[in-house]
There are 2 protein chains.
Amino acid sequence: MSIRKSRPESGARRIRRAAEASRENILNAAEALLVDQGPLALKLAEVAAAARVANATVLHHFGSIDGLHVALMERMIDQLVANVLAAVAAHDKAEPPEAALQALFDAFETRGAARLAAWLELTGEWRRLTHVKDAVHKIVAQRAERGDVSEALAADMVLIRAALAMGVGLFGRSLAELIGLPPGRTRQLAAALLRAQAAASKPKGEA
Amino acid sequence: MSIRKSRPESGARRIRRAAEASRENILNAAEALLVDQGPLALKLAEVAAAARVANATVLHHFGSIDGLHVALMERMIDQLVANVLAAVAAHDKAEPPEAALQALFDAFETRGAARLAAWLELTGEWRRLTHVKDAVHKIVAQRAERGDVSEALAADMVLIRAALAMGVGLFGRSLAELIGLPPGRTRQLAAALLRAQAAASKPKGEA
DNA sequence: TTTCTTATTGACATTTTTGTCAGTAAAGCT
DNA sequence: AGCTTTACTGACAAAAATGTCAATAAGAAA
């Protein structure tokens, strides 16, 4: 009477990946969930279902649901930082401000980077991720170097642009929809804002 | 043996409020939790404890935890809208742009209005709250009227300013802290940005 | 093939969170 | 005072979410 069923009898043959590949698979599913359903969708069962593995598999690889959260945050932060650095690097080259601005906004809007940031802020989790602080400093340093400006000015630039880009990336689409304007309108306006400032700072530089 | 304890015997005398006052009390506690611990802290038990009532009392007044969430969102939205409208109204009077800008940023930063917005965005809940759409239209209309500009221009102004103010309100403090600048720096820079634009739009108006 | 490692899983256990209900008591009314 | 209404509560039930574990099986190595 205490005999376990010896065969799963579910037709699907079991998939076995390398540990790293499996982690990637799960993180991809989790990221997709976060991006288009919000942080509340990051339940163990939902992630497992989206990744098409058993709940226990997720726990096997990440230890706990919190472990998954942290791993996901770190991966997304790394992606975001790489994109932002690329945007900054692109800034000094051909010097078409448009392209660099687009790249910057893209970095914060694609794949829910802004949503990640919002999540980090709401939960206060970013304080525990050393990732974040290092990344920010790296960006400031690179902007100072590439843009050939003082550290202080670079810090200001990063600060205001990041705040603006996050606001646009997180709320831009929804706000435009609410007001009845096309989805890309917010980005246009934001870019115009930065251009106006750049133009004004040529005669006399502030911020 | 099936006798219930007939006396609660807990020394504290039971507090009985008018229904409306009780709802307010609970909403206040919930709002405080949301603001300084994030949406994840909005559990039934935590809210009840913060409001110093029993779990069942919360359910009695709001039906379910979701009911509480909706009620809280609506109340916070109303507060935010009132503040923004006041800021817009203040704009045409004495015409010190500084004061109006400060009021605008205050509206999005105080009492976690920006955090509310982020929560609404992340969960997608704002689509179900007719509150939001009405409020936005009211703001656009009032800006067009008070600022004596076209509807289209007013819409653009509201769009970009809201996005900026939300970005600043939500991430401003944390970003400044990360970069190593004083907490109010983000607001200063944002105000400077808007001023630069206003200056540039005098000769030829765009956005 | 046989052996070995370990990714994978279902069944189960535990914890957390939400919801129900009958009974209690505080305030207004007659 | 008694009566009525209903805010309030503890005890309990139900549901949801997380975590444990022993058994299974896929792939690589021997």
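Per chain, numbering begins at 1; letters A, B, ... match sequence-line order.
Within 3.5 Å, a donor on the side chain of A:R14 pairs with an acceptor on the base of C:dT8, or the reverse. Side chain B:R16 to base D:dT6: a donor-acceptor pair is found below 3.5 Å.
Non-hydrogen atoms lying under 4.0 Å from DNA chain D are contributed by B:V53, B:A54, B:A56, B:T57, B:H60, B:H61, all within residues 39-71 of chain B.
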For residues 36-52 of chain B, dump all side-chain donor-acceptor pairs below 3.5 Å to protein atoms at least two apart in sequence or in another chain.
none

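Side-chain atoms of B:R115 come within 3.5 Å of backbone atoms of B:V35 as a donor-acceptor pair (strictly under, hydrogens ignored).
Environment of CZ in B:R17: crowded, with over 12 heavy atoms of neighbouring residues, nucleotides or ligands closer than 6.0 Å. No more than 12 heavy atoms of other residues, nucleotides or ligands shown are found within 6.0 angstrom of CG on A:D148.
Taking each heavy atom of B:S174 and A:E121 in turn, the nearest pair found is OG-OE1, 2.6 Å. Among all heavy-atom pairs drawn from A:V140 and A:A154, the shortest one is O-CB, 3.9 Å.
One atom, CZ of B:R13, and another, P of C:dT24, lie 17 Å apart when rounded to the nearest Å. The nearest whole Å value for the distance from the CD atom in B:E20 to the P atom in D:dT6 is 15 Å.
Partner of A:M73 under the side chain to side chain contact (heavy atoms under 4.5 Å, CB included) criterion, chosen from A:V132, A:L34, A:L116: A:L116.
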Requested in this report: Mind running side-chain hydrogen bond (donor to acceptor under 3.5 Å, both in side chains) on A:N28 and A:R75 for me, showing each step along the way?
Outcome: CA-CA 10 Å; A:N28 288 342; A:R75 200 180 72 149; 2.9 Å; yes

Between the protein and nucleotides 28-30 of chain D, which nitrogen or oxygen pairs are less than 3.5 angstrom apart?
none

